[in-house]
Number of protein chains: 2
Amino acid sequence: MKNILIVDDDSELRVNLSEILSKKGYHTDEASTGIEAIDKATAKKFDVMLLDLMMPKMSGMDALAEIRKRSPGTKVIMLTAFATVDNAVKAIKKGASDYISKPFKIEDLDAIIRRALEESRFEEGIKKLDMDFTLSSLTNSIRRKVIKLLHQNRGLHLMEITKALDIEDHTKVVFHLKNLKESGIIEQDKEKSYFLTKEGEKTLECMKILENYLSR
Amino acid sequence: MKNILIVDDDSELRVNLSEILSKKGYHTDEASTGIEAIDKATAKKFDVMLLDLMMPKMSGMDALAEIRKRSPGTKVIMLTAFATVDNAVKAIKKGASDYISKPFKIEDLDAIIRRALEESRFEEGIKKLDMDFTLSSLTNSIRRKVIKLLHQNRGLHLMEITKALDIEDHTKVVFHLKNLKESGIIEQDKEKSYFLTKEGEKTLECMKILENYLSR
DNA sequence: GTGTTTTGTGAAGAAAAATTCACAGATCGA
DNA sequence: TCGATCTGTGAATTTTTCTTCACAAAACAC
C-alpha cells in the first residue's frame, strides 16, 4: 500500500483528505507544519507528499527544498489556495512533481497522485531487461559501428560490412552480427544482406541521444 | 557572445526582441515555426532559446520536447500570451528553464535569460564523458543501482550500500565502487562515504534518458 | 584494552565476451 | 565445370569482467 503524507495547517482539510484517500486505498499520515513534515518524512518513507504552499512559520516552498534533499524518493505535490504561474514554476524547478490549486476535485487529485506514483515506479527501474539487452549491444564499439552503418546504407552484405569497418577477419564480424541478430537489432533477407529492424532503429536512436548528451 | 534563438510566429515581436537583445549584447537568430527552430538548433549551438507556446502547426510544447532531446545544452524559455499554471508545470517538467507571459518587461526577460545562462555556466563545468566509459559503467546492473542509490541519498557508506542492494559479500560491492571511482562517476569524502560526482549525475541522466526511451 | 564492525586489498578462480583459426558449403563468374 | 569469393560454423584460445575468499588495518563499542 502506498504511503501519503498530507501536510497542511488546516486540520479540517487534513482529516477530510485523509479519509477520502484512505478509502481510495492509500495509507495516509498527517503533518500540520513544514518542520513536522520534514521530521516525518525523514523517519518513514513516503511515496507521495501533499504539501500546502502557505503555512505559518516555514513556507511550503522552504519545506519542499529540505524534503527534496532529505527524501529524494518522495514525490511532492504542492497544494495552494492562490495558484500563480510564478510559484508553480518555482516549485517544479525545486523538484515538486505537480501543483494543484484548492479547492480541487478529488478525481483530479487522484489522477495527479497516480501520475506521481507512475514517475516513481519508473525511477525505481522496472525496465531492466530491455535495458540490459540494449546496453550490451551498445557497449561494443564494433556493434555500434555496424548499427550506424546499416542505418546509413540499408541492406549490406557481410563482406561489405567487413570492408567498411576495415576488419581483416570476417568471422569476427560474423560474431557480432550474430549477436545483434539474437538481440533482434538486425535481420537478414533471403539475399543474405543485413538491415536494421525497428528495434535496431530504436537502438540507434538511443545511441544518438547518448552521443549527443555526452559530447557536450 | 551568447547566442539566442527567438522562436515566434509573430514577426513583429521577433524583430523587436531581436533588436533589443542585440543591444543588450546577445547574438540573435530567428525562427518562425517549431520545425525551423529544431533545424536551426540542430545546426548551430544556441545558449538560450525563447520559444513561443502557441504557434501554428507544431506547438511550442512539442517543439520543446524535440529540442530537449536534440540540443540538451540549450536552455529554453517559454513565452506565452495566455499563461496558465498547467502549461507552466508541463513546460518545466519537460525541461524548460522558465516560463514568462507576454507582454513582459524587457528587464524581466533579461533577468530570466541571465538566470538561464547562469544555469548553463554551471553545467559547463562538467567534464565530457566518453561513450565507452559511460556505457561500460551502465552495462552492469549493480553499478546502475549504485548510481541510482547515491543519487537518491547522497553520501552513503559501504555497508549501507551493501545492505540497500541486498548483497551478501561486501567486497563485491567494493569492486564495483572501485570501478565507478576510476571512471570518475563517484567519489569519497574523508568520512568514507560515497557520493556521485557531477559526471555521475550526468551518467544517471543518461540512464534515465535510455530508460525513458526504452520504456515506450 | 579487547572484541566487533567497517573498509578495504589482492590473489585465485569462474564466467562471459571477444578473437582467431581451421574448415566447408553455397554461389558466382568464366 | 572449376576456381574464386562469399557466407558461415564450431572449437580453441585469449581477454575481459565479475565473483569469491582469505586476510588485515582502522575505527568503534564496551
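Numbers restart at 1 for each chain; the letters A, B, ... are given by sequence-line order, proteins then strands.
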Could you tell me whether a side-chain N or O of A:Arg143 sits under 3.5 Å from a main-chain N or O of A:Leu138, the two making a donor and an acceptor? no
Do A:Arg115 side-chain atoms and A:Asp110 backbone N/O form a donor-acceptor pair below 3.5 Å? no
Heavy atoms of other groups near B:Asp189 CG, more than 12 under 6.0 Å: yes
When rounded to whole Å, the NZ to C1' distance for the pair A:Lys178 and D:dT9 reads 6 Å
Would one find a side-chain N or O of A:Gln188 under 4.0 angstrom from OP1 or OP2 of D:dT7? no
Rounded off to whole Å, could you give me the CZ-to-P distance for the A:Phe175 and D:dT14 pair? 17 Å
Span of DNA chain C engaged by chain B, first through last nucleotide within the 4.0 Å heavy-atom cut-off, is C:dT6 to C:dT9
When the distance from OH of A:Tyr194 to C1' of D:dC6 is rounded to whole Å, what number comes out? 11 Å
Partners meeting side-chain hydrogen bond (donor to acceptor under 3.5 Å, both in side chains) with B:Gln188 (sequence neighbours left out): B:Lys181, B:Tyr194
Atom-pair distance (CG on A:Asn179; P on D:dG8), nearest Å: 15 Å
Output the rounded distance in Å from CD1 (A:Ile186) to P (D:dT7). 13 Å
Please, which pairs that meet salt bridge (charged side-chain N to carboxylate O under 4.0 Å, His left out) have at least one residue in residues 4-17 of chain A, sequence neighbours excluded? A:Asp8-A:Lys102, A:Arg14-A:Glu30
For a side-chain contact (heavy atoms from CB on, under 4.5 Å) with B:Val76, tell me which candidate from B:Asp98, B:Leu5, B:Leu51 qualifies. B:Leu51
Considering every strand and a 4.0 Å limit on heavy-atom distances, what is the contact class for A:Glu191: base, sugar-phosphate, or nothing? nothing
Where the side chain of B:Asp47 meets the backbone of B:Asn3, is there a donor-acceptor pair that is under 3.5 Å apart? yes
In residues 145-162 of chain A, what residues come within less than 4.0 Å of DNA chain D, judged by heavy atoms? A:His157, A:Leu158, A:Met159
Judged by atom type as modelled, is there a donor-acceptor pair below 3.5 Å linking the side chain of A:Thr197 to the main-chain atoms of A:Glu187? no
Nearest-angstrom distance from the residue atom CD1 of A:Ile167 to P of D:dG8: 15 Å
Using the rule given for side chain to side chain contact (heavy atoms under 4.5 Å, CB included), can you reason through A:Lys105 versus A:Glu107, listing the C-alpha separation, both sets of side-chain angles and the distance that settles it, and then say yes or no? CA-CA 5 Å; A:Lys105 287 185 213 140; A:Glu107 308 93 76; 4.0 Å; yes
Side-chain donor-acceptor distances from residues 83-92 of chain A under 3.5 Å, at least two apart:
unit_1  : atom_1 : unit_2  : atom_2 : d
A:Thr84 : OG1    : A:Asn87 : N      : 3.1
A:Thr84 : OG1    : A:Asn87 : ND2    : 3.4

Other residues, nucleotides, ligands: >12 heavy atoms within 6.0 Å of A:Lys44 NZ: yes
Which parts of nucleotides 21-30 of chain D does protein reach within less than 4.0 Å, heavy atoms only, written one letter per nucleotide 5' to 3' as B for base, S for sugar-phosphate only and - for none? BB--------
